[in-house]
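Here the structure comes first, spelled out in structure tokens, and everything after it is commentary.
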Amino acid sequence: MLIAPSLLSCDFSIFGEEIARVDRAGADWMHLDIMDGHFVPNLTFGAPIIKKLRKYTEKPFDVHLMISEPHKYIGDFADAGADIISFHVECDSDIDKTLSLIEERGVKPALAVKPGTPVDAVLPYLDRLYMVLVMTVEPGFGGQSFMADMMPKVEMLRKEIAARKLGTLIEVDGGIAKDTIAAAAKAGVDICVAGTAVFGAPDAKAAIEELKALCESL
Ligand code: DX5
Ligand code: ZN
């Protein structure tokens, strides 16, 4: 299991140092949550901040766009150093065109689905996707409870990816903790985003190691 700490729960006054800290603690990817106050009822930060953060780690930047019109900002996030860009299938942009913009920049494209959206919504695009992000909370805020009833979506995706002989990764985001990560692993998840479980822990390294160990012992 790969662990992508969500920087949404870090100390933003020392953002760069927080990235370096979770890098040393064994984070596989850095999950960066971008919110526009429109697609979700919260605001975070944008591409200029990501650009400044790029020097603090060589680990992949997993950029999760919770914004209404992602197509307008793909160039900015690519320039800033995003390795993976996820945007929501529920957004107002044309999905095919937005995927093309990401592909043209050599960035890995991913589609995210909110809890209320059936996973069928991403299937027409599956062959082009590096990853599918299945939300396990309503997007917008850290610290919410894991929705175990999203696991059938993961299982269905796993089967479809195998049937089509694709290498598409599956990520879940929201409420991942010691008591929930095994359910995600059993369902076939490749990457778990974890905000509170990493940044709320006294020792980030121990927290990441424990989350990984809980998946290995299944
Ligand atoms: C929620 C964000 C998540 C969030 C996860 O909209 O996409 O990445 O920070 O936080 P935890 O792990 O605390 O649920
Ligand atoms: Zn996220």
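Counting convention: from 1, in listed order, for ligands and their atoms alike. We use all heavy atoms of the structure for the numbers below, so side chains are in, but hydrogens, waters and symmetry mates are not.
Less than 4.0 angstrom separates some heavy atom of G140 from each of these atoms of ligand 1: 1 (C), 6 (O). Annotation for ligand 1: atoms under 4.0 Å from non-hydrogen atoms of D173 are 2 (C), 3 (C), 4 (C), 5 (C), 7 (O), 8 (O). Residue A194 has at least one heavy-atom neighbour below 4.0 Å for each of these atoms of ligand 1: 12 (O). Close approach to P139 involves these atoms of ligand 1, each under 4.0 Å from a residue heavy atom: 6 (O). Atoms of ligand 1 found under 4.0 Å from any heavy atom of M66, numbered from 1 in the order shown, are 6 (O), 7 (O). Distances below 4.0 Å separate heavy atoms of H31 from the following atoms of ligand 1: 8 (O).
The number of protein N/O/S atoms found under 2.8 Å from the Zn ion (ligand 2) is 4.
Residue contacts with ligand 1: H64 is placed with a nitrogen or oxygen under 3.5 Å of a nitrogen or oxygen of the ligand (distance criterion only). Considering backbone and side-chain N/O of G195, one or more are found under 3.5 Å from N/O of ligand 1. Checked by distance only, ligand 1 and V193 stay at 3.5 Å or farther apart across all their nitrogen or oxygen atoms. Looking at G174 next to ligand 1, no N or O pair under 3.5 Å apart turns up. Residue T196 places at least one N or O, backbone or side chain, under 3.5 Å from an N or O of ligand 1.
To the nearest 0.5 Å, atom CD1 of residue I34 and atom NE2 of residue H64 are 10.0 Å apart. Distance CD1/I170 to CE/M156: 11.0 Å, rounded to 0.5 Å. A distance of 11.5 Å separates CD1 of I208 from CG of L2, quoted to the nearest 0.5 Å.
Using 4.0 Å as the threshold, A197 has no heavy atom nearer than that to any atom of ligand 1.
In this structure, F15 has its ring center closer than 6.0 angstrom to the ring center of F45.
Side-chain atoms of V154 and M151, non-hydrogen and from C-beta on, do get closer than 4.5 Å to each other. Under the 4.5 Å side-chain criterion, counting only non-hydrogen atoms from C-beta, D28 is not in contact with I191.
Within a 6.0 Å radius of NZ in K51, no more than 12 heavy atoms belonging to other residues, nucleotides or ligands are found. Within 6.0 Å of atom CZ in F146, more than 12 heavy atoms from other residues, nucleotides or ligands are found, so the atom counts as buried in its surroundings.
Contacts between S6 and ligand 1, counted as non-hydrogen atom pairs separated by less than 4.0 Å, involve the side chain only.
Under a hydrophobic-cluster definition in which Ile, Leu, Val, Met, Phe, Trp and Tyr are linked whenever side-chain heavy atoms come within less than 4.5 Å, directly or via other members, I19 and F12 are assigned to the same cluster. Note on I102: it does not cluster hydrophobically with M131, by side-chain heavy-atom contacts below 4.5 Å among ILVMFWY residues.
Taking 4.0 Å as the cut-off between side-chain N and carboxylate O, D83 and R54 count as a salt-bridged pair. Between K205 and E209 there is a salt bridge, since at least one side-chain N of the basic residue sits less than 4.0 Å from a carboxylate O of the acidic one. R21 has a carboxylate O that lies under 4.0 Å from a charged side-chain N of E18, or vice versa, which qualifies the two as a salt bridge. Ion pair R105/D76 not flagged as a salt bridge, since none of the NZ, NE, NH1 or NH2 atoms sits closer than 4.0 Å to an Asp/Glu carboxylate oxygen.
For atom 2 (C) of ligand 1, the nearest non-hydrogen atom of the protein is D33 OD1, 3.5 Å. Scanning the protein for heavy atoms near atom 1 (C) of ligand 1, the closest one is F141 O, 3.6 Å. When only non-hydrogen protein atoms are considered, atom 14 (O) of ligand 1 lies nearest to G175 N, 2.8 Å. Atom 10 (O) of ligand 1 has G142 CA, 3.5 Å as its closest protein atom, hydrogens excluded (heavy atom only).
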